[in-house]
Amino acid sequence: MSVYGLSCSPSRISSCMVSARKSSSLHGLASPVTKSTSCCERLKRLSCIDRNYLTPLIHKLSTKRNDKIRSRIYASFGDMADDSTAIFPRIHVKDPYKRLGISREASEEEIQAARNFLINKYAGHKPSVDAIESAHDKIIMRSFLERKNPKININKKIREVTQSRVVKAIASRFEAPSTNVILKTASAFVVLGMLTVLFPTEEGPTLQVAISLIVTIYFIYQRLRSRLRAFLYGIGAFFGSWLLGTFLMVSVIPPLLQGPRSLEVSTSLISYILLWVSSSYVK
């Protein structure tokens, strides 16, 4: 086939067209690949820049947070040192509990935790470690001896008794009166006591005891303004004081007076004291 003096075969023309199409298609595919490659490289560069910027910042924030937590732990034990070679500030404190920074009511777990914490903290200073170990050993030995030879804690027993329900219920029935009431009731029972001691009879202080019952009911009525309650409280206080006084004189208190009726007279004096308390402080 010839066009304007050029000759070319059909097969050659078709091969040229196919090669042109292939080149154009390859050219069209190459441009997106190069574009995507450049975008990936940019993203990698940006991620490297972000990583290089954020990593020191995150490390700095975590370090500050750890320092704050560590400082709070150290402050709970009374110091702020953060050096492995630091000297224990309470190395010369004699009290082992104060040296470890714990209370005397601390449990064994708390004692061991305080010891381990301080040992790890001041491990680089041998005198500090020795002082901590000495305080720990003293506390452990003291608790062992207390277990082996238990002692009665009087203050603790008194506190347990005063906080019991029975004692609280009894204490709630009493209140402190005015000074005038205390002086009036005290003077009446002092006179009865003097009459009982100065004028004993062969039958015993029967009259004085009867008068003490009447005086008790009268004073209780003056405070409660209720005849029934005054009578019941007076009778109960009278019999209770006589039973308690007899028990004390027979079993606990030695004879106070000499004579044929010394037991009755001494019991009467003790009952007068109890009746005075009842007539003055009962609510």
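If you're wondering where the values come from, they're calculated on a predicted model, not measured in any experiment.
- Here L274 contributes atom CG and S212 contributes atom OG; the two are 11.0 Å apart, rounded to the nearest 0.5 Å.
- In this structure, a donor-acceptor pair under 3.5 Å is absent between the side chains of T185 and S279.
- We find the OG-CG distance between S241 and L248 to be 11.0 Å, quoted to the nearest 0.5 Å.
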Quiz item: Taking it one step at a time, do F231 and I220 satisfy side-chain contact (heavy atoms from CB on, under 4.5 Å)?
Solution: CA-CA 8 Å; F231 178 77; I220 293 175; over 6 Å; no
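- Side-chain contact check for I119 versus E133: some heavy-atom pair is nearer than 4.5 Å.
- A pairwise comparison of heavy atoms in A131 and I91 identifies CB-CG1, 3.6 Å as the closest pair.
- Inspection of the Y233 and R173 side chains reveals an N or O donor paired with an N or O acceptor under 3.5 Å.
- In this structure, the side chains of I170 and V166 come closer than 4.5 Å at one or more pairs of heavy atoms.
- Summarising the local packing, CZ of R227 is surrounded by 12 or fewer heavy atoms from other residues, nucleotides or ligands at distances under 6.0 Å.
- Following chains of ILVMFWY side-chain contacts shorter than 4.5 Å, one cannot reach I217 starting from I214, and the two form parts of different hydrophobic clusters.
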Quiz item: Given the rule in the side-chain contact (heavy atoms from CB on, under 4.5 Å) test, do L244 and I270 qualify, once you have shown the distances and angles that lead to the verdict?
Solution: CA-CA 9 Å; L244 183 58; I270 294 175; over 6 Å; no
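- M194 and L207 fall into different hydrophobic clusters, where Ile, Leu, Val, Met, Phe, Trp and Tyr are joined by side-chain heavy atoms under 4.5 Å apart, directly or via other members.
- No chain of hydrophobic side-chain contacts below 4.5 Å, direct or via other Ile, Leu, Val, Met, Phe, Trp or Tyr residues, connects V181 to V191.
- V209 is listed as a side-chain neighbour of F238, based on a closest heavy-atom distance under 4.5 Å.
- For E108, the CD atom sits in a loose shell: 12 or fewer heavy atoms of surrounding residues, nucleotides or ligands are nearer than 6.0 Å.
- The distance from atom OG of S268 to atom CE of M249, rounded to the nearest 0.5 Å, is 10.0 Å.
- Put simply, the side chain of T196 reaches to within 4.5 Å of the side chain of Y272, judged on heavy atoms.
- Within a 6.0 Å radius of CZ in R225, other residues, nucleotides and ligands contribute more than 12 heavy atoms.
- I211 has its side chain out of reach of F189: every pair of non-hydrogen atoms, C-beta onward, lies at least 4.5 Å apart.
- Between I139 and I102, some side-chain heavy-atom pair lies under the 4.5 Å cut-off.
- In terms of modelled atom types and a separation under 3.5 Å, the side chain of S134 and the main chain of D130 share no donor-acceptor contact.
- Summarising the geometry, atom CG belonging to N116 is positioned 15.0 Å from atom NZ belonging to K121; distances are rounded to the nearest 0.5 Å.
- Not counting sequence neighbours, the partners of E105 by the side-chain contact (heavy atoms from CB on, under 4.5 Å) test are S103.
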Quiz prompt | Criterion side-chain contact (heavy atoms from CB on, under 4.5 Å) on I140 and F144, from CA distance to verdict | solution = CA-CA 6 Å; I140 296 299; F144 173 75; 5.5 Å; no
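- At most 12 heavy atoms of other shown residues, nucleotides or ligands fall within 6.0 angstrom of atom OH in Y218.
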Self-check item: Trace of the side-chain contact (heavy atoms from CB on, under 4.5 Å) decision for K138 with M141
Solution: CA-CA 5 Å; K138 287 181 180 178; M141 184 59 66; 5.8 Å; no
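- How far CG of L100 is from CD1 of I111: 8.0 Å, rounded to the nearest 0.5 Å.
- No chain of hydrophobic side-chain contacts below 4.5 Å, direct or via other Ile, Leu, Val, Met, Phe, Trp or Tyr residues, connects V197 to F199.
- Annotation: side chain of W276 is in contact with side chain of I182 (closest heavy-atom distance under 4.5 Å).
- Y281 and R223 get closest at one heavy-atom pair: C-NH1, 3.6 Å.
- Interatomic distance, CD1 of I132 versus CG of L118, reported as 4.5 Å (0.5 Å rounding).
- Side-chain atoms of R104 do not come within 3.5 Å of backbone N or O of Y97 as any donor-acceptor pair.
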